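All values derive from a computational prediction rather than experimental measurement. Note that ligands are numbered from 1 as they come in the structure, with each ligand's atoms numbered from 1 the same way.
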Amino acid sequence: MSKLCIRGGKRLKGDVIINGAKNAAVAILPATVLVDGISVIENLPNIQDVRILNEAMRSLGAVTQFTDEHTLEVDASTVYQHSALAECISKMRASYYLIGALLGRFGKAEVAMPGGCDFGGRPIDQHIKGFEALGATVEVHGNIIKAYAPKLVGTRIFLDVVSVGATINIMLAAVLAEGTTIIENAAKEPHIVDVANYLNMMGANVKGAGTDVIRIKGVEKLTGGKYTTVPDQIEAGTYMIAAAITKGDVYVRNIIPEHMESLSSKMREMGIGIEEGDDYIRVTADKELKATNVKTLPYPGFPTDLHPQMAVLLSTATGVSTLIESVFENRFQYVEQLKAVGAKFTVEGNKATIEGVEHFTPAHLHAMDLRAGAALVLAGLKAEGGETIVHNTKYIDRGYEAIEEKLNALGADVYRTAH
Ligand code: EPZ
């Protein structure tokens, strides 16, 4: 298993270009199943999850081709399978989108139970509630979810919890259904708007994505087309935080600054310079950082996927900060790793109290999920006087394209070893 070796203490300076959003890409690729034709998806991040989903699409009968590193052509008119049971599928969470897509296209779906990061219980009861409301029967047989419906009929669905996955999955099942579906208490993340824009580009009729009420008027058929994925809000936030941790001066480019507002405002509170342009944010941090309090919430609140990275930043501020996790039950597994570099944390329930420290010391750190892995790399950028080794890079590669090349282009000193 490869690992990343980081010689910290370097100020990051320069430009970093952000890729397309992982959480949009991993929903749009399954959604191509609904299209009776060719979808050309541009600005896809070159990451493990995209490669796995490409394999999954091919296992269903789609003809796919990368026309360049970030563009995938998918001809789903040849899809004949409604069973997505390949081993790779249960490795990732977003495979659950194949249920909504296959159900929408064929009226039946058999998909391996989704995997993904371990944040405690991650039920899919709201997905199932939505499919059943549309007229499907859903059964779980061991590690396989089976759903079938003689006919899907639009209806009103109120989500008991604000769920990104359930909002998108119900949208996928509803676009070809008879009549209108209304999703209430829907999630509003930028990647939800992106999936709706993709579907509308293919001929669907989805209104209100990005608000908490989404209306989907079923259509006969979706035809092919070209679509460009939205920039990755979480990758952008990770590099903004990296710039601040190293007291750097970085232009984070190819982003939508509005998507970063919850982070930008917290960084301003800490005394970090935030300059917004049309498609970039410049982050400058040249003085002592002030402590602050953060609570994760569904969009437009502070994203839970920037929680571990923000914990590293708060650990370098002067004073005591707090960080409350309100989206997932248990997302503090990274804390023990950060203590190894000298960070000071106490965690009670879903709240961490973080006392800022001046220095981190190099250590061996072990990634246990995607965003925690990225946070450990950020901690390594701060730790001086030796090498910080981050193990289990497979988690990081699932969602970050060329992380060491991008950091080194900003003046960091990171290298990867195969063993
Ligand atoms: C998506 O996960 C993202 N994954 C996660 O990003 C992200 O952390 C999360 O949304 C929140 O923003 C993808 O897009 C592939 P949820 P998802 O359904 O859909 C509860 C990353 O690092 N819930 O919005 O699984 C659930 O337990 C990953 O990129 C139910 O109770 O999240 C959680 O507490 C990690 N029943 C809350 O809702 C359900 O049926 C939000 O979960 C569904 C969810």
(message) Just by distance, no angles: are the side chains of Thr322 and Asn293 close enough, under 3.5 Å, to form a donor-acceptor pair?
(response) yes
(message) I need the atoms of ligand 1 closer than 4.0 Å to a non-hydrogen atom of His127, numbered in the order shown.
(response) 40 (O)
(request) Return yes when Arg331 approaches ligand 1 closer than 4.0 angstrom through a heavy atom, no otherwise. (result) yes
(request) Measure across Leu53 and Pro30 and return the closest heavy-atom pair with its distance rounded to 0.1 Å. (result) CD2-CG, 4.0 Å
(message) Students should be able to answer this: which protein heavy-atom is nearest to atom 22 (O) of ligand 1, and at what distance?
(response) Arg371 NE, 2.8 Å
(message) Minimum distance, heavy atoms only, to atom 32 (O) of ligand 1: which one of Tyr97, Phe328, Tyr395 is it?
(response) Phe328
(request) Check each of Gly121, Ser163, Pro114, Ser95 against atom 44 (C) of ligand 1 and report the one with the nearest heavy atom. (result) Ser163
(message) Using heavy-atom distances only, which candidate in Pro303, Pro123, Ala24 approaches atom 39 (C) of ligand 1 most closely?
(response) Pro123
(message) Which of the numbered atoms in ligand 1 are under 4.0 angstrom from any heavy atom belonging to Ile124?
(response) 39 (C), 40 (O)
(message) Tell me if the centroids of the rings in Phe302 and His307 come within less than 6.0 Å of each other.
(response) no
(message) Considering Asn23, Val164, Leu297 one by one, which has a heavy atom nearer to atom 3 (C) of ligand 1 than any of the others?
(response) Asn23
(message) Main chain of His366, side chain of Gln337: is a donor-acceptor contact present, judged purely on distance under 3.5 Å?
(response) yes
(request) Examine Gly165 against ligand 1 and note whether any of their N/O atoms are separated by less than 3.5 Å. (result) yes
(request) Pick whichever of Val327, Thr296, Val161, Ile234 has a heavy atom sitting closest to atom 37 (C) of ligand 1. (result) Val327
(message) salt bridge (charged side-chain N to carboxylate O under 4.0 Å, His left out) for Lys22 and Asp305? Distances and angles first, verdict last.
(response) CA-CA 12 Å; Lys22 169 184 90 74; Asp305 291 345; over 6 Å; no
(request) Report yes if some N/O of Val26 lies less than 3.5 Å from some N/O of ligand 1; otherwise report no. (result) no
(message) Give the atom numbers and elements of ligand 1 that come within less than 4.0 Å of a heavy atom of Arg122.
(response) 2 (O), 17 (P), 25 (O), 27 (O)
(message) Check this for me - ligand 1, Thr304, N or O atoms closer than 3.5 angstrom, yes or no?
(response) no
(message) Please report the interatomic distance CZ(Arg215) to OG1(Thr180), rounded to the nearest 0.5 Å.
(response) 8.5 Å
(message) Tell me whether Tyr299 reaches ligand 1 (any heavy atom closer than 4.0 angstrom to a ligand atom).
(response) no
